[in-house]
Structures are given as structure tokens and as C-alpha cells.
Amino acid sequence: MSQTLLQLLDSRVSAALSACGCEGAPAIIQPAGRPEFGDYQANGVMAAAKSRKMNPRALAEQVVAAIDLAGIASKLEIAGPGFINITLAPEFLAQRAQAALGQADLAVPKAAAQRVVVDYSSPNLAKEMHVGHLRSTIIGDALARVLRFLGNEVIAQNHVGDWGTQFGMLTAFLIESEQGGAGDIALNDLEDFYRRAKQRFDEDEAFATRAREYVVKLQGGDAQVNALWKRFLDVSLHHCEEVYQELGVGLTRADVRGESAYNDDLPVVVRDLQGKGLVVESQGAQVVFLDEFKTKNQDGSETPAAYIVQKQDGGYLYATTDLAAIRYRVAQLKADRVLYVVDARQGLHFNQLFTVSRKAGYAPDAVSLEHVGFGVMLGEDGKPFKTRSGGTVKLAELLQEATERAFALVSEKNPDLPEAQRRDIARAVGIGAVKYADLSKNRNSDYVFSWDTMLAFEGNTAPYLQYAYTRIAGVFRKAEGVDTSAAIVLDEPAERALALELVRFADALQSVARETMPHFLCSYLYNLATQFMRFYEACPVLKSEGEQRASRLQLCRLTAETLRTGLGLLGIEVLEAM
RNA sequence: CUGCCCGUAGCUCAACUGGAUAGAGCAACGGCCUUCUAAGCCGUAGGUUAGGGGUUCGAUUCCCUUCGGGCAGGCCA
């Protein structure tokens, strides 16, 4: 298949519009708002008629007469001021579903392949990962998987925080701990390690001085300090990898390219910007002034925004590092598209970064630079979630709690399963629930962190989708003589509704990739699972006979494959039993 | 002060370049397991989309304004 369902309908209706003298008018195809309107509706006629001063109903009639949907639609209707309602032919739906069966990619059309750099997770290695790191990590991971599935070449970049003054402090503290013979033990708890180091830094002037010296030594390439720094990073990265493993996130060491990797490039970037006349000195700092971001003063005058790339003391900032990273991603990695899955609060920074990158020629217009922002995490009281002492929930703790709750539930529902299997189920269900709770929300919205919402196992949750899969697995355990080439026949309304949802998979993925919105996929999968549950209640599979039984088994098979694939793209496992 | 984001059912969230009667889940109430796993299905109830104006065939969506919340804004990231 070369076109998704939406693309197919769009091209046919657009062609009809052109044939009726409305060249270039968008067809605006959408899933129908109500069942009595059919399966899809074309809304483009009204706007086209208006701009051409035509009667919309009359134009709609011309378009319907000109439309070529033979073998695709069974009914076309004009309704209201000029909607065209399209009802798809059951044979067409069946044929479409049939084509997806048995294909590893479920016959999803490949978009024009791009090389996409996805910058995500990017934790600060000085501390342990907490719930605040969840969104970037799993949103980025889901986007990377979807983009890859659609034929793009994805390069993940874990832009970890491994550089800066705090690492001087940490290595200094590591030395001290080693001298006391407790270096390895101290590193067992990163959070505690950081807290103690910070305490020493605040309370002991001599230690603080030593820490600052270490920063200088680190940047100067001092071998001993560098070795200690690397040991610290190794421990910290190992901790991250444990969390990634637990989360089912595909990031590896090969994807890590931290801030430190750009260290040598920073003076080069600043010199380059100076050479291009973009940077001027202001109050001792090297600054790019941006008229695009000028702010109004009270007296009505305007000041351009200052984008500082080098401090008075000669030090560099994250702005500089990010410029170096863009240069690397475009020039070395040959990116066509760069996604930054980073907290929405950094929106202004990225806007400015992108603007400077364009001016400096680091990213030509052909390269798409996108800040995939996401909302701030709030507490259950609706106020910002505290990140200060004691306020954070460690990611590892959240995942453990989720797994425990899931274990209690599965043990209650299915006590006869061996414990090892119940543990496996609990892990997949618990982790899946946590990830889905996050991924299913529009990433632009702020995020309310709630144990109960996060760990719910009913309704629109990952376990609901996993359960649908499990039910299908149960059917196939009992089915005998499954004919994997049997024809799909859609007679019952529930069968038809299920098939309609199944053939929409590709469109769901396209919109995820285009809008960088993973929750579109969640909504899709939830709708699919819901349609399946209804089908399951209404249409007995094993008790039916002949062609009908074979057809229903085929629908089950495709549903299972779609759920497995779709959940897989979200980084969530499916289960044979639960 | 300037700019960006947000405000939808009691709670958590949807609503795809503006589309028809704003949809789900949770919580509440009522049904459905001798028939493929009840983590399910069916039903009832719940709304002046923060308020007010405007644009048009049509607005949760776009514009203006007020209120309320969040965030960012020259040497943190």
C-alpha cells in the first residue's frame, strides 16, 4: 500500500474538487463526528464554495458526481451546509485489513525517509533520576520508535549533564571518600552522595576552594581528576541504564553524547560567531543581540534580547553548548530534522537558539529544528511539584511501587499462576501503566503527578490494552486449525467497527510523527481496544463456524498484531496472560 | 513591566490545518459471569468549554478584553 486511508480519501476528493473548478482547495477529510454521518466526512466544499462565491450545496453535488471512490465507498451523502459524508464499503475495509495481515510492518506506508536526531532524556548525571525525567525519556523514546517504524533513520542523542561546577565538587568529594576508604559505598546512593558533597561545599571553605580548583583541573585535562570524573560518570550512567532497562527505553551508551563532548568546540563557536559579526561584547560578556525577541520597556522603547554565549569570566554557558551541538548534528550527523524533547520552560531558550543557528548558518532552512516541549509537573494540589529537599519522587521508587501494586492485583485476580509469571506480569503491567499515564496526555499540558492516576489499572490505561491482547491470546490458545489465509468478511456491526479502526493504524502513526504527539497513538490504541472488547462481547469467535469463524480469527489476529506493534512503539510490553 | 503556555463534567484528561448534538476514564447509581480471562461489557446521571465582546454559514479552536494559574526574560541549566 502506498497511501494511508486518509491520504487515499484526500487525494480522491481533492481530485474531484479540482475537476469542479476548485483547484488547490483542501478536501479536509476527517473521521465522521457521528455514526449516522458515515465513516469519514469531507469538509472542504464549504470553504471552497465560499471563496469562489458558489452555492455550497450545488458544489457538493458536483463534487460527489465527480468523485471516484468506486470500490472504496458504498455511500456518499451531502448533508447540512455542504458536508460530504463517506461510508466505506465493507469489502474495501476487509481488503485493506487483509493486506495488513501477515506483514511485519502491517502494511503501513513509509513516509519519505529523513534522518532525524532526537535529543531526549538528557538527565543531569550529578543526581539520581526522578519523576521529572520521566516525560522527556519516554516521550522521546516513543517518538524515536515511531519515526523509525515509518522508515526514518533516527539518531538518538542523550545530551547528559556531565559538565560544570558541580562535577568539581563531586570529584573532590569522591577523593575525600576514597581516602576514608568508602568511595564505592558512598557512590551506591547518588542522591545521598550529592547531598553530602553539597553540604561539605556549603560548610567547609577549604573543601569549596578545592572543589573549584578541581573544575579548573578538569577543564585543563588533569589526568587524575579526569579519571575520577569518569568513574563518577560511569556509576551515574550505570544508574540511568538500570532505569532505562526497567522502563523499556532503548537508550544505550552509544547514544550518550554529553555536554562535555562539546567542550573543545565552545571557543571555536564563539570565535566563529565573532567572525560572522553576530557577537558583540557587552558588559564584558560575548553576546548575540536578537531583534526578533525584543522586549518593550515602560517608556515605549525596545531592547533586543541578549543571548549570552560567553560570560565575563570567560566561562561558557549551555547556550554555547547547544550551538555547538546543533552544528555537530547538522554538519556531522547530517540531520534533516532535529527534535528537542525538553521541558516547555525552555521554550524561549530554544527559540533563540534556533534563531542564532539560522543566522550563523549552522542549520540551513531545510533542516527542521523543533522543540518538543512538555508541561511542568504539578503536585496533586495543582501547585508546582517541589524539587527541593525531600519533595522529589525517585523514578526507581515509582517503578517499584507500580510493580508491587500490580503484583498484588495479579495475585488476587489470578492466584493459580506461578509466582515467577506473576512477577513478570506485574512488571509489564506496572511499568506500562506508569508510561501510558504519561504518554496518553497531550504533552503541552502541565502534568499532575498522582500516585493513584499513575498506577490505575482500569479504564483508559495500559493494562486495558494489555488485557485486550491477553484475551486474544486466550482465544488462540483454544482455537484449533487456524487458517492464516482465510478471508475477512464483515457482517456484524461490531466486526465492521473493529475493521474500520484497524485500518486507521497508519494514519495514527503519521499524525504522531508529524505533530510529535505520542498521545495520538494512545488514543488510537484505546479506541482499537474498545472496539475489540465490544466485538469480543458481541461476536463469539470459537463458537462460530466455517467462514465466519475463520474471518473472526483473522480479525483477532490483526488486532493482536496491531496492539502488540502499537504498544511496542510506546515501549510497552504485551502479555499472553494476566 | 514584556512575552509564551494553560483554564473543558466532582476528579484526571480528549476533541486531528475552525465543522454538524463537546467525548472518554475515575468516582456515583443500575444491570450482565453454567458460554472464548468481569483488569471486561451495557445503561443512568453529570457541561452557559473561566467571564464578556468580535470575526462567519459554523468557534473549545482564530482576534480583542477582564479574571485566575503556570513559566520565561544579560552572565544557572
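Note that these values count all heavy atoms, side chains included, but never hydrogens, waters or copies made by symmetry. In what follows, chains carry the letters A, B, and so on, assigned in the order in which the sequence lines appear, proteins first and then strands, with residues in each chain numbered from 1.
Residue-to-nucleotide contacts include a donor-acceptor pair under 3.5 Å from the side chain of A:Tyr318 to the base of B:A77.
Remark: P of B:C36 and CE of A:Met533 are 15 Å apart, rounded to the nearest angstrom. Rounded to whole angstrom, the span from the CG atom of A:Leu409 across to the C1' atom of B:U37 amounts to 13 Å. In this structure, the CG atom of A:Asp291 is 20 Å from the P atom of B:G73, given to the nearest Å. Here the C1' atom of nucleotide B:U37 and the CZ atom of A:Phe476 are 16 Å apart, to the nearest Å. Across the protein-nucleic acid pair, A:Asn444 atom CG and B:U61 atom C1' stand 14 Å apart, rounded to whole Å. One can place CD of A:Gln548 at 17 Å from P of B:C36, the figure rounded to the nearest angstrom. Between A:Glu281 atom CD and B:G74 atom C1' there is a gap of 13 Å when expressed in whole angstrom units. Here the P atom of nucleotide B:G40 and the CZ atom of A:Phe457 are 12 Å apart, to the nearest Å.
Listed by chain and residue number, A:Asp202 satisfy the side chain to side chain donor-acceptor pair (under 3.5 Å) test with A:Lys198 (two or more places apart in sequence, or in another chain). Every residue meeting the ring pair (Phe, Tyr, Trp, His ring centres under 6.0 Å) condition with A:Phe354, not counting sequence neighbours, appears here in chain and number order: A:Tyr340, A:Phe350.
RNA chain B is contacted by A:Leu348 of residues 348-357 of chain A, taking any non-hydrogen atom closer than 4.0 Å.
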### Query
How does protein reach along nucleotides 20-25 of chain B, written 5' to 3' as B (base within reach of a heavy atom under 4.0 Å), S (only sugar-phosphate), or - (no contact)?
BB--SS
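Counting heavy atoms of neighbouring residues, nucleotides and ligands inside a 6.0 Å radius, atom CZ of A:Arg427 does not exceed 12 of them.
Between the side chains of A:Arg423 and A:Thr403, not a single donor N or O lies within less than 3.5 Å of an accepting N or O.
Applying the 4.0 Å criterion to OP1 and OP2 of B:U17, one finds that A:Gln30 has a side-chain N or O inside that range. The phosphate of B:C41 has OP1 or OP2 within less than 4.0 Å of a side-chain N or O from A:Tyr464. When the side-chain nitrogen and oxygen atoms of A:Lys311 are compared with OP1 and OP2 of B:C76, one or more of them lie within a distance under 4.0 Å.
B:C71 adopts an anti glycosidic conformation, its chi angle falling more than 90° from 0. Classification of B:G43 as anti follows from a glycosidic angle more than 90° from 0.
The partner of B:C1, taking Watson-Crick or G-U wobble pairs whose two distances both stay under 3.5 Å, is B:G73.
When the P atom is compared between B:U61 and B:A22, the two are found 14 Å apart, to the nearest whole Å. For B:U34 and B:A24, the C1' atoms lie 34 Å apart once the distance is rounded to whole Å. If you take atom C1' in B:U60 and the same atom in B:U21, they sit 15 Å apart, rounded to whole Å. Comparing the same atom, P, in B:G51 and in B:G47 gives a spacing of 14 Å after rounding to whole Å.
Inter-residue side-chain proximity for A:Tyr120 and A:His159 is flagged as unmet; no heavy-atom pair is nearer than 4.5 Å.
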Look for any protein N or O under 3.5 Å of an N or O in nucleotides 13-15 of chain B and output each such pair with its distance, or none.
from	atom 1	to	atom 2	distance (Å)
B:C13	OP1	A:Val448	N	3.4
B:A14	OP1	A:Asn442	N	2.4
B:A15	OP1	A:His519	NE2	3.0

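A cation-pi arrangement is found for A:Arg257 relative to A:Tyr262, the charged atom lying closer than 6.0 Å to the ring centre and inside a 45° cone about the ring normal.
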Show the atom names and distances, to 0.1 Å, of all donor-acceptor pairs under 3.5 Å that link a side chain in residues 37-46 of chain A to residues at least two apart or in another chain.
from	atom 1	to	atom 2	distance (Å)
A:Asp39	OD1	A:Arg496	NH1	3.3
A:Asp39	OD2	A:Leu88	N	2.8
A:Asp39	OD2	A:Arg496	NH2	2.8
A:Tyr40	OH	A:Arg504	NE	2.9
A:Gln41	OE1	A:Gly33	N	3.2
A:Gln41	NE2	A:Asn43	OD1	3.0

